[in-house]
Amino acid sequence: MDEAVGDLKQALPCVVEAPTVHVEVHQRGGSTARKEDIKLSVWKLLNRHNIVFGDYAWVEFDEPFLTRNVQSVSIVDTELKVKDPQPIDLSSCNIALHIFQLNEDGPSSENLEEETENIIAANHWVLPAAEFHGLWDSLVYDVEVKSHLLDYVMTTLLFSDKKVDSNLITWNRVVLLHGPPGTGKTSLCKALAQKLTIRLSSRYRYGQLVEINSHSLFSKWFSESGKLVTKMFQKIQDLIDDKDALVFVLIDEVESLTAARSACRAGTEPSDAIRVVNAVLTQIDQIKRHSNVVILTTSNITEKIDVAFVDRADIRQYVGLPSMAAIFKIYLSCLEELMKQLLTLRELEMIGFIENNISKLSLFLSEISRKSEGLSGRVLRKLPFLAHALYIQAPTVTIEGFLQALSLVVDRQFEERKKLSS
């Protein structure tokens, strides 16, 4: 057996491809410059700066054309699969340029008429949306969650393009993120839709994100819920028919739509739930045939999801509470944001070295991160605001003073939890 494997390895050619580096170019909203002209100017910029250290962004330019038309040029996602930033020689990489403009419009509502009332069945965004700008970078995970999701969607497109027989190799374009509340599952789905719309901007002119309001689809007339689900997916089908659009369907708390049919048969759920589950599964099976759709789902209670739905999910990714290392990065990003307005200028340079420098501030932030374990990302992002509101209130503060306030508010958070549980 070992000899056969060895022979196979020798027979396979060893091809080392140059790594691909993604560069996102944020074109200003009022700019009417041609993408070809922007690409040419960006190429000149990159040729002048061949070596970068991990992710990097230019927001100021020497060239007037870029200043007028471009908000930023960002080398992105180089750190998704490595723990520490690495020096990158752009001249030896494949460069993928993605030029995009943000849609400033907020979400619109998808309404379904039901007897005498109008049901808001979904929220609908045209992507890339200004509302989700920067969301992807703000999400910090301990494992390669983001890179796995990106690789998954890119593989679904590759298999579709190469006409792989889906009867022999099956994929359903369904992602299920599960885990405790507050870990950023819904935000990750929205950020993924935004990221892929930008990354595939040369293939699709824009993205469409439809966030289904699962609870609204349960009509007060139980027998109508299955029909409402079908109506909702008919609207989604109209979006999918536009081949210039990449369509994302987000079903948050999917367990509310796919309550286990075993509970229905046991008599603990109304029979209407069976109709809803069947309708959802039928509609998923119909739209998965289209190459320009991805179904994103989240759940806090996976044991209540119908097994037939779980089987349809190509990726079932657990999203847990952040570790100490991830908490450190979350706090550090908060400090970098506050540094722009609140933290005193004399300590500006210190923050750039705080993660790697064995200093008093670094050790202090590490200690705060350690005792913050057990808190969700949603809570962690609120703590800097609460630290200021409860313990500072001043328009400016030193980094050390802010960390002291942050430490106090973490202690307070756990004290309040004990009171609530007692």
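No experiment lies behind these values; they were computed from the predicted model shown.
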Taking all atoms of both residues into account, what is the closest heavy-atom pair of [X] and [Y], and its distance?
X	Y	value
Val229	Ala279	CG1-CB, 3.9 Å
Pro128	Ile198	CB-CG1, 4.0 Å
Cys189	Leu177	SG-CD1, 3.8 Å
Ser369	Phe328	OG-CA, 3.3 Å
Leu338	Pro384	CD1-CB, 4.2 Å
Tyr318	Gly320	CE2-CA, 3.5 Å

Can a donor-acceptor pair be found, under 3.5 Å and without considering hydrogens, that links the side chain of [X] to the backbone of [Y]?
X	Y	value
Arg68	Arg28	no
Asn50	Asp89	no
Lys190	Leu250	no
Tyr391	Phe402	no
Gln101	Ser31	yes
Arg312	Ala308	yes
Tyr206	Thr197	no
Thr297	Val175	yes
Asn103	Val126	yes
Asp314	Asn172	yes

Short N-O contact, [X] and [Y], less than 4.0 angstrom:
X	Y	answer
Arg412	Glu416	yes
Arg381	Glu337	no
Lys185	Asp252	no
Glu36	Lys39	no

Does atom [atom1] ([X]) have a neighbourhood of more than 12 heavy atoms from anything else shown, all under 6.0 Å?
X	atom1	result
Leu390	CG	yes
Asp62	CG	no
Phe61	CZ	yes
Glu60	CD	no

Reported [atom1]-to-[atom2] distance for the pair [X] and [Y], which is rounded to 0.5 angstrom:
X	Y	atom1	atom2	result
His124	Lys235	NE2	NZ	10.5 Å
Tyr141	Ile330	OH	CD1	9.0 Å
Leu239	Asn292	CG	CG	9.5 Å
His22	Cys93	NE2	SG	11.0 Å
Glu415	Asp411	CD	CG	6.5 Å
Leu150	His148	CG	NE2	10.5 Å

Heavy-atom distance under 4.5 Å between the side chains of [X] and [Y], does that happen here?
X	Y	result
Val140	Pro322	no
Trp171	Lys288	no
Thr282	Gln286	yes
Leu102	Gln194	yes
Thr298	Val319	no
Phe65	Val70	no
Val145	Leu139	no
Trp136	Val76	no

Trp58 and His49 aromatic ring geometry - parallel, tilted or perpendicular at 30°/60° bounds:
tilted
Is the Phe100 ring parallel, tilted or perpendicular to the His26 ring (thresholds 30°, 60°)?
parallel
Set of side chain to side chain donor-acceptor pair (under 3.5 Å) partners for Ser323, sequence neighbours left out:
Asp142
Side chain to side chain contact (heavy atoms under 4.5 Å, CB included) for Lys35 and Leu97? Distances and angles first, verdict last.
CA-CA 10 Å; Lys35 287 189 175 183; Leu97 285 183; over 6 Å; no
Decide side chain to side chain contact (heavy atoms under 4.5 Å, CB included) for Leu375 and Arg417; before the verdict, give the C-alpha distance in whole Å, the side-chain angles of both, and the deciding distance to 0.1 Å.
CA-CA 11 Å; Leu375 300 177; Arg417 282 191 167 194; 3.6 Å; yes
Can you list the steps and then say if Leu90 with Ile75 is a side chain to side chain contact (heavy atoms under 4.5 Å, CB included)?
CA-CA 10 Å; Leu90 297 179; Ile75 295 173; 3.9 Å; yes
Going by atom types only, do Gln237 and Asp241 share a side-chain donor-acceptor pair under 3.5 Å?
yes
Quick one, Ser291 with Lys243, criterion side chain to side chain contact (heavy atoms under 4.5 Å, CB included). Give me CA distance, side-chain angles, the key distance, then yes/no.
CA-CA 9 Å; Ser291 61; Lys243 298 308 176 185; 5.8 Å; no
